[in-house]
Chemist: 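Dropping the structure in here first, questions after.
Atom set for the values below is all heavy atoms of this structure, side chains included, hydrogens, waters and symmetry mates excluded. In each ligand, atom 1 is the first atom listed, and ligand 1 is the first ligand listed.
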Amino acid sequence: MTELCEVALPVPLRTTFTYAAPETLEAAPESGTRVVVPFRNRAMVGVVLARTAAEQRDGVREISEVLDAQPALTAPLVALGRWVASYYLAPVGEVFRAMLPPVVEVRAVEELSRTAAGAKYLAELEATDERTGDERAEVAVLQAFVAGNELLRPAPLKRLAGGEAAIARLLRRGALEARVVTKRRKRASVEFESEPPAEWAPDAPRHELNPEQMRALDAIRADIGAGEFRVNLLHGVTGSGKTEVYLGAIEKALDAGRTALVLVPEIALTMALSRLLDARLGREAGVTVLHSALPDGERSAAWWAVRRGAARVVVGTRSAVFAPLERLGLVVVDEEQEASYKQEETPKYNGRDAALVRAKFEGAAVVLGSATPSLESYQNARRGKFRLLELPTRVAQRPMARVELVDLREDFRRTHSTQALGERLRAAIAERLAAGTQALILINRRGYSWFQLCRSCGAAVQCKNCSIALTYHKQRSRLVCHYCAYSRPVPAACPQCSQKYMYFFGEGAEQVEEQLRAEFPRARIGRLDRDTVRTQQEFRKVLGAFAAGELDLLVGTQMLAKGHDFHRVTLVGVVSADLALGLPDFRAAERTFQLLTQVAGRAGRGELHGDVLIQTHYPEHYAIQAGARQDYHAFFEKEAQFRRAMHYPPFAALANVIVRDKNLENSAKWARQLAGILGPEEERGLKVLGPAAAPLAKLRGDHRFQFLIKSPRRTLLTQALTRALDACGEKGIPDGAVLADVDPIGLM
Ligand code: ADP
Ligand code: ZN
């Protein structure tokens with residue numbers, strides 16, 4: 001008997017691989033241990049998922065190195081990784097790679113050696129007088145191998161004249177041999193960022209909880225005390241003090257000797273929250289921030305600190321759901337409805353849903369917090385799967401902001417022009433400037449103009465890789481694709497018809513800022529979007545300046561709408577509520593409602609009263625109406641009717657399957673084949689819509705066809721998709737041509 005290991009490797013395949021434990025080891029490495037294995041002439045780092053006994057090990061390749069003395073991943077994390085892979089139909093090795101920190105302690109190095117045949121060939125070449133250019137290069141390469149220098153890296157040899165081609169030829173004729181070895185680096189000893197700069201420290205006063213906060217906290221505390229899995233949906237209006245409830249729950253978990261994981265939707269929110277937690281919980285809690293934008297070394301160091309047990313509280317974004325905390329007692333997911341919890345690349349998991357599964361494996365309590373719960377979560381609460389805890393009022397009797405809808409159609413009737421900033425909004429801004437308070441202006445589009453249009457033929461200038469119009473960025477003076485980052489100079493004539501009647505359409509954040517500067521030359525104006533802030537530092541600088549009162553107006557995209565707690569904001573202006581509504585997406589109304597509620601929540605958070613002005617062309621739309629009244633229940637009822645009638649989540653399980661290829665004929669052919677594979681599933685109760693051209697029919701050079709698959713039951717969907725993907729493989733449709741997105745957030 002011998003032991004074999006099932007190893008997950010970071011390759012785009014939905015399978016694992018079998019390796020034998022090194023002969024030198026007494027026992028095979030445990031599940032969760034990282035190992036280096038040979039894979040197609042390369043060294044790869046993988047994770048052992050299981051050990052199995054086998055009769056013999058003939059023909060099974062051996063693990064070349066075991067990286068961890070103790071498993072990197074705990075048993076619940078290995079189970080979670082397997083769940084993610086099967087639920088989201090994701091390549092298992094890629095899931096495990098996403099769970100682990102970047103590997104900084106080993107690197108694979110390629111080395112070359114000269115074979116006996118190589119030595120003979122060199123002697124032959126040296127004996128001839130007349131060598132070709134190719135042969136001269138080969139001689140130079142082969143001569144580099146001398147006693148004491150038998151193993152060489154390819155890089156310096158490739159720099160010899162004709163060296164690269166010579167190496168390739170010598171490898172082919174067996175004169176050289178290549179192999180990959182792993183080299184161990186000393187573990188990067190990264191110092192923790194000591195004290196973060198104190199430019200924007202939230203004060204951390206302890207508030208006496210109001211009765212509603214208390215009731216919610218008591219319920220959660222009881223769950224933590226019981227040490228059982230239980231999901232609480234904390235539905236609290238903006239400014240109702242949800243953070244204070246999270247804090248109390250975390251304290252309880254630590255008191256109970258357990259750890260806590262807090263997920264937030266944006267990197268920007270991790271910093272403020274971790275400082276608040278630091279201030280409240282003290283150094284001993286070892287509050288640690290984990291997110292994917294940390295430099296590799298830092299992220300790895302933080303991850304291992306958590307693994308060693310130095311941290312008892314982790315704050316992070318979606319990927320922190322895999323933080324290697326042990327004895328997990330509490331998981332908090334703030335703003336649980338946020339789209340950013342869904343990873344848009346493979347593995348396409350939702351951090352919130354993975355958090356629920358993890359909590360179940362670990363016997364932990366869960367708090368999902370939101371002012372605007374997702375339809376999925378609220379429906380779960382209604383069905384009694386989650387416990388609903390409500391905070392219906394703002395803290396300290398602060399009133400909700402007053403929201404006014406501004407009908408842009410009336411503006412147009414009066415002025416016969418459409419302006420980004422209507423009369424009403426400009427007057428309201430002027431009032432705030434005169435009173436010395438602050439305003440936030442939300443415009444949910446980056447760039448200067450949405451697109452450039454030809455008056456003669458009507459065509460918009462398109463991306464060359466994607467079927468989408470390019471956005472005009474004035475400062476860069478280029479047209480830019482917001483999907484693939486392709487950019488080009490602004491054409492003076494139409495690329496289609498060569499006429500010179502080009503004009504720009506629609507106002508973006510850059511233009512709104514310009515208009516505000518022209519209208520209010522003395523105001524201090526800042527802008528917050530992905531064009532003005534690229535780093536955390538820049539982000540904090542702008543927000544810090546606003547919080548410190550160094551800016552009067554802050555214009556920005558939805559980056560503005562989330563979480564931040566500014567006390568002197570008395571006006572929030574929404575340039576257009578309609579942008580999200582127009583998208584071909586069943587969540588369009590939900591997104592619009594969420595955005596309006598959140599943005600309205602930014603006004604009047606201090607002692608000062610706040611107003612919200614929302615400009616729209618559809619003031620009667622239910623999402624806009626309910627958003628203006630901040631009436632979640634009214635919105636839920638309406639939206640639930642629509643979803644139920646259309647068989648959309650939460651009343652059906654949904655998957656979006658894309659077939660793609662650079663070659664249009666290939667993708668069309670494979671889409672037809674997949675249609676044939678999926679067809680029989682309809683008899684089992686599935687609804688298969690498609691294939692149709694995807695809303696983004698071309699993206700990053702790929703031609704895309706789309707299937708929407710709806711299922712009354714979850715298991716049916718998972719089984720059908722698994723069968724379909726397996727069948728695609730058998731029909732020779734390449735891996736990576738068929739992309740399944742389970743529980744999609746967007747259908748673009
Ligand atoms: P939410 O996340 O629900 O929108 P926050 O947690 O940000 O609200 O709380 C809003 C503000 O109210 C914060 O400044 C917080 O410090 C304060 N706060 C929280 N609880 C109380 C309380 N019981 N009494 C007074 N102020 C409170
Ligand atoms: Zn593009």
Chemist: Compute the minimum heavy-atom distance from S240 to ligand 1 and say whether it is under 4.0 Å.
Modeler: yes

Chemist: Heavy atom of V237 under 4.0 Å from ligand 1?
Modeler: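 Heavy atoms of V237 do come under 4.0 Å of ligand 1.
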
Chemist: Are E336 and R352 close enough for a salt bridge, meaning some N to O gap below 4.0 Å?
Modeler: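 R352 and E336: salt-bridged.
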
Chemist: To the nearest 10 degrees, could you say what angle the Zn ion (ligand 2) makes with SG of C466 and SG of C463?
Modeler: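 Approximately 110° at the metal, rounded to tens of degrees.
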
Chemist: Without swapping roles, check the side chain of R382 against the backbone of S377 for a donor-acceptor pair under 3.5 Å.
Modeler: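 Checking the backbone N and O of S377 against the side chain of R382, no donor-acceptor pair under 3.5 Å is found.
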
Chemist: Which atoms of ligand 1 have any heavy atom of N210 under 4.0 Å away?
Modeler: 23 (N)

Chemist: Working to the nearest 0.5 angstrom, can you tell me the gap between D255 CG and I224 CD1?
Modeler: 9.5 Å

Chemist: Between the side chains of Q343 and R318, is a donor N or O closer than 3.5 angstrom to an acceptor N or O?
Modeler: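 Side-chain D/A pair, Q343 to R318: present.
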
Chemist: Under 2.8 Å from the Zn ion (ligand 2), is there an N/O/S atom belonging to C481?
Modeler: yes

Chemist: Under 4.0 Å from ligand 1, counting heavy atoms only, is it the side chain of K242, its backbone, both or neither?
Modeler: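 It is both backbone and side chain that touch ligand 1.
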
Chemist: How about Q496: does its CD atom have over 12 heavy atoms from other parts shown lying under 6.0 Å from it?
Modeler: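 Check fails, neighbour count at 12 or below.
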
Chemist: For ligand 1, find out whether one of its N or O atoms is nearer than 3.5 Å to an N or O atom of E244.
Modeler: no

